[in-house]
Each structure stands twice: as structure tokens, then as C-alpha cells.
Amino acid sequence: MKAIYSASQAKHDPSFFLLSGKQADNPEAPQRADTLLAAAISAGCEHIEPKDTGLSLISAVHTPEYIRFLKNIYHRWQHINNASLEVVPNIHPNRRDGSYPASEVGQAGYHMADTACPISSDTFNAVISSAHCAGTAAQLVLDGESVAYALCRPPGHHAFRDMAGGFCYLNNSAIAAQLLRSRYKRVAIVDVDLHHGNGTQDIFYARDDVFTASIHADPEVFYPFFWGSADERGKDAGFAYNLNVPLPKESGDDLFMAGLDHLLETVEMFSPEAIVVALGLDASVDDPFAGLSVTTDGFNRIAERIAQLGKPTVLVQEGGYLSDSLGKNLGSFLQGFEKKHRLKI
Ligand SMILES: [Zn+2]
């Protein structure tokens with residue numbers, strides 16, 4: 001399997017983070033990618049660089065004003081008297097039925113859901129490169145590979161059409177799904193990250209061509225708090241094309257597998273022709289976010305179960321933070337996937 005990653009993604013190195021109101025180190029650190037790339041290579045992956053898969057693909061998922069904001073806001077922010085080095089919002093439109101703001105501070109609040117996505121001088125290039133990893137992996141699958149792994153860092157599944165959030169700027173899983181749609185009529189996104197894929201859900205919420213499915217720690221007690229409950233099923237043409245399986249905090253392998261079985265049985269009824277896995281590894285028992293308790297062997301079982309769908313698949317890296325088992329968990333997933341993945345024509 002090919003693993004797609006560019007070193008330019010490591011230049012995004014955010015420092016600001018608020019944890020329960022307290023400033024802390026930002027866990028979405030570049031060392032994550034070093035660990036994940038080394039693990040992918042050890043698991044037998046061939047590392048390749050992403051290709052430029054075009055701004056039009058990104059524009060199919062994100063609004064023009066949001067892309068313009070991501071591109072320009074760092075330089076505009078530097079002209080504010082006494083501003084922070086990184087762009088971090090301090091006010092948000094709690095209702096979004098007003099006007100689009102003109103000022104830097106107003107736009108930062110408009111386009112950023114929380115304070116977890118600082119923007120520095122290297123952020124835009126890194127997030128574009130991360131999106132190209134997803135596009136390149138999807139193109140490889142369109143060109144005949146049965147599976148490809150996009151080492152997307154920064155991650156993407158909390159990014160809405162016009163809003164960053166939870167370490168995410170561009171929605172890489174949505175970008176991969178959108179490109180797969182150029183050939184496949186029905187695509188399913190299976191999100192196994194610890195956190196609900198709220199951005200991905202929102203992007204496809206009214207669509208019946210991309211089924212969005214997420215298994216995650218119950219948002220009653222966990223980020224993203226406002227989305228991810230089981231009664232969110234989609235709207236308009238997309239009604240019944242979204243499925244959430246929230247799990248009690250600290251659920252281990254067996255509860256996760258039972259929830260995943262339910263999730264994938266529903267996904268199979270949609271008859272997807274291709275799959276995007278939003279591959280978060282932060283459900284690990286060792287992850288610093290400590291939400292679920294999946295073991296390294298559990299990631300092998302999760303991979304085998306998804307592989308048994310037998311569809312062309314793009315694996316898109318989402319969360320998963322530095323711990324002793326981060327690399328082992330990716331290796332366990334990739335090996336489990338390759339062991340069981342046989343395309344069903
Ligand atoms: Zn996560």
C-alpha cells in the first residue's frame with residue numbers, strides 16, 4: 001500500500017491550545033507525523049509525495065471565502081496592533097444569521113469553531129498539502145489501487161464547509177470522498193476517530209450520494225459536544241444517510257466492535273461502491289485524550305472488519321496523539337486491513 005505524505009506538512013506547528021479553560025501545549029504536534037510515517041513504512045507501506053490535485057477539488061467541499069480566509073489571514077493578522085503571533089479567535093457568532101464580517105478578528109471568529117486551530121505562517125501550505133495527500137490517495141484508488149493511505153496532518157474531520165475546528169482546517173476525508181464520486185455513484189465515509197466527525201457530517205448532511213457514519217465517544221461528555229448523537233440522521237434528500245454510534249466513555253474493544261458491527265451493517269445496506277475510512281487512532285487506551293479504551297489488537301480487529309466490506313478504500317489519517325502505542329496502533333490497523341482486504345466485484 002502507498003502512504004502519501006509531504007514534509008511540508010510538519011511546518012505547521014501550533015503552540016496555542018486551551019484545555020478546560022487552561023492554556024496547554026497543542027497536542028496536534030508535527031512529531032505525530034514522524035511516528036505515523038515510520039510506522040506505515042515498518043508495516044510495509046511505500047512512501048510517496050502527494051501530487052497537486054487542484055484547488056477545484058478543495059472548492060468542491062469548502063466555500064471560496066473560507067479558502068481565501070485560510071490563505072490570507074496570517075498576513076492580515078500581523079497588521080493588527082499588538083496581536084498574537086498565531087491567529088486565534090476570541091469571539092464567535094453564536095448565531096450565524098448576521099452579516100459576513102470584514103475585520104480580521106470578526107472573520108477569525110466566523111471561520112473558527114474553537115481555539116484549537118491556530119494559524120501561523122506555515123499553516124496554509126501545510127493544510128493544502130494535507131488535502132493533496134487525500135486527493136492523491138483517492139486518485140490512486142481511481143487509477144486501480146485497491147487501497148491507499150493518506151497521512152493527513154493536520155487532520156480534517158472537524159472542518160466544516162466554511163469553518164475550522166478541533167485541529168482541522170480542510171476536510172480531507174470529504175475531499176477524498178468527493179473525488180471518488182467522480183467515478184463511484186455511492187461512497188461511504190466510516191469515521192472511527194475517538195471524536196464525532198461533525199464537519200464531515202455537516203458537509204454531506206443533505207446528500208444521499210455520500211453516506212456518513214461515525215462511531216465515537218458520547219458527545220454528551222466529550223468534544224465536539226453539540227453534534228454526534230444517534231438521533232442526527234441527515235436532512236432533506238440526505239435523511240437516513242447519516243449514522244452516529246456514540247459509545248460510553250472508556251468503552252474497550254468488545255463494545256467498540258459491537259458498535260462497529262451495527263454501523264457497518266447499515267453502511268452495507270447503502271451498497272457503497274467505495275469507502276473512505278476517517279482513521280483516527282485516538283480511541284486508543286493510551287491516547288492522552290483518554291476517551292475510549294481500544295487496544296493495539298483492537299485496531300487490528302477494527303481494520304479487518306472494515307476490510308471485509310471488500311470495496312476500494314482510501315484511509316485518511318485523522319486524530320491520534322503522541323503516546324507509546326500511536327505507531328503500533330497504526331501498524332496494527334494497516335496489517336489487519338491488508339490481511340483481510342479482497343475486492344468484491
Ligand atoms: Zn479525534
Side-chain angles (χ1 to χ4, degrees), residues 9 12 14 17-20 24-33 35-36 112-118 127 130 134 149-160 163-174 176 189-203 212-229 244-252 256 259-260 263 276-295 298-299 302-303 306 315-323 325-327 329-330 333:
Q9 294 163 238
H12 169 66
F17 186 57
L18 277 183
L19 187 64
S20 304
D25 290 339
N26 194 302
E28 209 289 281
Q31 293 81 2
R32 294 180 60 236
T35 301
L36 293 167
M112 298 165 101
D114 51 48
T115 53
C117 308
V127 301
S130 188
Y149 168 60
L151 205 176
C152 293
R153 190 244 152 217
H157 72 153
H158 298 306
F160 288 67
M163 191 163 65
F167 313 138
C168 302
Y169 302 82
L170 296 175
N171 196 310
N172 307 306
S173 292
I189 300 177
V190 176
D191 189 322
V192 297
D193 189 279
L194 166 64
H195 304 94
H196 173 242
N198 54 335
T200 316
Q201 169 175 298
D202 189 78
I203 287 167
T212 44
S214 180
I215 180 168
H216 45 263
D218 194 328
E220 283 225 355
V221 291
F222 224 72
Y223 189 92
F225 299 107
F226 313 115
W227 300 275
S229 72
N244 290 324
V245 178
L247 296 175
K249 223 176 159 199
E250 296 177 6
S251 294
F256 197 103
L260 187 66
L263 193 86
V276 174
V277 180
L279 179 55
L281 298 165
D282 41 3
S284 164
V285 64
D286 298 322
D287 192 89
F289 282 101
L292 295 174
S293 302
V294 174
T295 65
F299 284 105
I302 292 167
I306 298 172
L315 307 174
V316 175
Q317 185 66 49
E318 298 286 358
Y321 301 91
L322 290 170
S323 77
S325 66
L326 177 62
N329 293 337
L330 178 65
F333 185 97

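First listed ligand is number 1; within each ligand, the first listed atom is number 1.
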Asker: Can you say whether the rings of Tyr169 and His12 are parallel (under 30°), tilted (30 to 60°) or perpendicular (over 60°)?
Answerer: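 The arrangement is perpendicular - the two ring planes meet at more than 60°.
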Asker: If you check every N/O/S atom of Asp193, which is the one nearest the Zn ion (ligand 1)?
Answerer: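 Relative to the Zn ion (ligand 1), the closest nitrogen, oxygen or sulfur of Asp193 carries the name OD1.
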Asker: Identify, by name, the N, O or S atom of Asp282 lying closest to the Zn ion (ligand 1).
Answerer: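 Going by distance to the Zn ion (ligand 1), the closest N, O or S atom in Asp282 is OD2.
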Asker: Counting C-beta onward and ignoring hydrogens, is there a side-chain heavy-atom pair between Asn244 and Trp227 closer than 4.5 Å?
Answerer: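 They are not in side-chain contact.
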Asker: Check whether any N, O or S atom of Glu318 sits under 2.8 Å from the Zn ion (ligand 1).
Answerer: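 False for Glu318.
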Asker: Would you call the rings of Phe222 and His195 parallel, tilted or perpendicular, taking 30° and 60° as the class edges?
Answerer: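 Phe222 and His195: parallel rings.
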Asker: Which N/O/S atom belongs to His195 and is the closest one to the Zn ion (ligand 1)?
Answerer: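 Per the distance ranking, His195 contributes ND1 as its closest N/O/S atom to the Zn ion (ligand 1).
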Asker: Are side-chain heavy atoms of Asn26 and Pro118 found at a separation under 4.5 Å?
Answerer: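 Asn26 vs Pro118: side chains touch.
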